[in-house]
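All remarks here apply to the structure that follows.
Nothing fancy with the numbering, it's 1 onward along the sequence. Atoms considered below: every heavy atom in the structure, side chains included; atoms not considered: hydrogens, waters and symmetry mates.
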Amino acid sequence: MTTQSTIRILKLPEVMRMTALSRSAIYGKADPKSHLYDPDFPRLIKLTAKSSGWVESEINEWLLKRIEQRNQQHNQRKAA
């Protein structure tokens, strides 16, 4: 038996709500030329010539990584 998960595509306003980042910060994280560039930030996918979005599970994974990094930094400070 094969289990299929649902792939959900998020548009910019929803990514902004989930991450608490501005439009320019989100696009900056995707642009290697930007000082905001984050190679771990999920890549945009083109849906049509004028429409694009992000995969929800990738945004969630990115957020979880940020939480893990915060917790590791906190634990390192406590140990010092």
Side-chain angles (χ1 to χ4, degrees):
M1 185 171 138
T2 304
T3 306
Q4 239 181 317
S5 60
T6 302
I7 296 174
R8 187 161 178 252
I9 303 300
L10 306 176
K11 302 297 280 181
L12 181 62
E14 195 162 3
V15 174
M16 290 170 62
R17 279 190 294 278
M18 287 180 70
T19 62
L21 296 171
S22 67
R23 178 186 189 278
S24 60
I26 290 168
Y27 285 117
K29 289 192 171 298
D31 182 1
K33 297 175 188 170
S34 171
H35 71 282
L36 299 173
Y37 179 62
D38 178 353
D40 294 330
F41 195 74
R43 293 184 62 201
L44 186 68
I45 59 169
K46 288 298 270 179
L47 302 170
T48 67
K50 294 183 178 184
S51 179
S52 55
W54 289 263
V55 178
E56 181 181 40
S57 62
E58 293 175 0
I59 295 292
N60 287 331
E61 286 174 28
W62 182 81
L63 289 168
L64 287 172
K65 283 182 187 178
R66 301 287 82 66
I67 294 168
E68 287 173 19
Q69 286 176 346
R70 180 210 54 198
N71 292 344
Q72 287 174 357
Q73 289 171 354
H74 178 73
N75 290 338
Q76 288 172 354
R77 286 187 198 131
K78 282 177 92 174

Measure the spacing between CD1 of I9 and CG of L47 and express it to the nearest 0.5 Å. 6.0 Å

Under the salt bridge (Lys or Arg N to Asp or Glu O under 4.0 Å) rule, what pairs show up with a residue in residues 41-53, not counting sequence neighbours? none

Verdict with reasoning, I45 to E58, per side chain to side chain contact (heavy atoms under 4.5 Å, CB included): CA-CA 11 Å; I45 59 169; E58 293 175 0; 5.8 Å; no

Determine which pairs satisfy salt bridge (Lys or Arg N to Asp or Glu O under 4.0 Å) with at least one residue from residues 7-16, sequence neighbours left out, and list them in order. R8-E14, R8-E56

Just to verify, what does E61 make a side chain to side chain donor-acceptor pair (under 3.5 Å) with, not counting sequence neighbours? none

Got R66 and D38 here, is their nearest side-chain heavy-atom distance under 4.5 Å? yes

What residues, two or more places apart in sequence or in another chain, satisfy side chain to side chain donor-acceptor pair (under 3.5 Å) together with S34? none

Partners passing side chain to side chain donor-acceptor pair (under 3.5 Å) against T48 (at least two apart in sequence or in another chain): none

With rounding to the nearest 0.5 angstrom, report the CG to OG distance, L64 to S57. 11.0 Å

Can you tell me how far the NZ atom of K65 sits from the CD atom of Q69, to the nearest 0.5 Å? 8.5 Å

Who else is in L12's hydrophobic cluster (ILVMFWY, side-chain heavy atoms under 4.5 Å, direct or via others)? L10, V15, M16, M18, L21, I26, Y27, F41, L44, W54, I59, W62, L63

Just wondering, more than 12 heavy atoms not from R23 lying within 6.0 Å of its CZ? no

